Amino acid sequence: MKKINMFFDIEKEEKWLNEQLEKGYRCKNISGFGVYTFQESNERYVVRLDYQDYLTKKKFQEYKAIYEDFGWAHIAGWRSGGIQYWQKQKGGQSEIFSDRQSKGNYYKRLMSYSFWFLMLGLFLYYLMYKDSGLYLTEGLWDMEGTLFWKALIFETPFVLLRSFPIFMVILFGTSFYKAYRKYSMYKDS
Amino acid sequence: MKHKLLPLSETMHYILLALREPLHGYAVMQKIEKMSNSTVILAAGTLYGAIENLNKHGWIEAVGNAGRRKIYMITTEGEEILKVEQERLKHILSLYESGDFNEEN
């Protein structure tokens with residue numbers, strides 16, 4: 001069974017995945033384009049999502065070796081950085097973090113990831129709007145009748161593309177703030 | 001200023017104590033489970049992060065491989081950290097036992 005979904009929130013993604021597994025599936029594959037492949041299973045499984053920055057080949061091997069020793073199977077995740085998807089049969093330790101310090105560090109990694117994309121978004125935003133508005137056609141707002149509508153409809157797709165940095169800023173700004181809230185909850189309290 | 005890992009968290013404390021003999025990651029978790037009478041059961045990500053952290057600060061080091069697993073052991077610096085912690089805990093224990101808080105200095 002394949003399901004398509006898109007998430008901008010790692011915790012919502014983890015929750016959704018576990019809801020699917022609760023229905024008697026195990027996750028077989030996750031592609032980068034939001035295609036999740038499931039298989040029916042009599043065993044119950046649990047999925048946990050970790051976030052790691054770029055790891056050297058050796059570090060990535062060691063990282064995977066430790067998780068695999070604990071019974072976790074790596075479903076997806078790049079060595080170059082990003083979400084690491086881990087799945088395990090239910091029973092015993094079903095968490096990947098067992099103390100506050102490591103949970104806090106996890107939110108810290110999420111924070112720095114969101115932060116850099118937020119900065120990239122702000123930079124693109126600056127490049128695109130430093131000397132213009134969203135619509136580039138000169139005199140667009142002075143046009144009349146069908147000419148105005150034609151020009152507006154023609155340009156709108158481009159405007160949507162050009163507003164991509166705004167979406168980036170909102171998206172990564174939100175995820176940065178969420179990770180920061182969680183981080184300060186776990187940080188020495 | 002105090003080191004950012006001090007006072008040691010329960011996880012870090014147990015790992016340093018366990019690594020007074022050379023062990024790979026999973027064996028560290030098993031040993032800690034025994035040492036703590038099954039009250040501390042480390043999760044994979046916590047153990048990985050703690051080993052990374054302790055290694056980065058030079059308190060433990062890799063001393064070999066067993067297949068694709070890395071074997072770690074405590075360093076002299078790590079032993080010194082344990083001594084500092086031992087003194088701190090001894091003092092706290094003495095406060096428990098004396099029952100009064102007469103300031104001596």
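Since we're looking at a predicted model, the values are computed, not measured. Throughout, a chain's letter reflects where its sequence line sits, starting with A, and its residues are numbered from 1. These numbers come from the heavy atoms of this one structure, side chains and all, not from hydrogens, waters or symmetry mates.
- Of the two parts of A:Lys59, the backbone and the side chain both hold a non-hydrogen atom closer than 4.5 Å to a non-hydrogen atom of chain B.
- Formation of a donor-acceptor pair under 3.5 Å by the A:Glu62 side chain with backbone atoms of B:Arg69 is not found in this model.
- Under a 3.5 Å cut-off, the side chain of B:Thr46 and the backbone N or O of A:Ser102 do not form any donor-acceptor pair.
- Taking OH from A:Tyr67 and CG from B:Leu47, the interatomic distance works out to 9.5 Å, rounded to the nearest 0.5 Å.
- Here the CD-CG distance, from B:Gln30 to A:Asp69, works out to 9.0 Å after rounding to the nearest 0.5 Å.
- Within the 4.5 angstrom heavy-atom criterion, only side-chain atoms of A:Glu68, from C-beta onward, approach chain B.
- Linking Ile, Leu, Val, Met, Phe, Trp and Tyr whenever their side-chain heavy atoms come within less than 4.5 Å puts A:Phe176 and A:Ile83 in one cluster.
- Heavy atoms only, all atoms of each residue included: A:Ser98 and B:Ala43 are closest at OG-N, 3.0 Å.
- With rounding to the nearest 0.5 angstrom, the CZ atom of B:Arg68 is 10.5 Å from the CD1 atom of A:Ile66.
- Contacts of B:Ile41 with chain A are made by both backbone and side-chain atoms, with heavy-atom separations under 4.5 Å.
- There is no contact between A:Asp50 and chain B, counting heavy-atom distances below 4.5 Å.
- Neither the backbone nor the side chain of B:Glu10 comes within contact range of chain A; no heavy atoms are under 4.5 Å apart.
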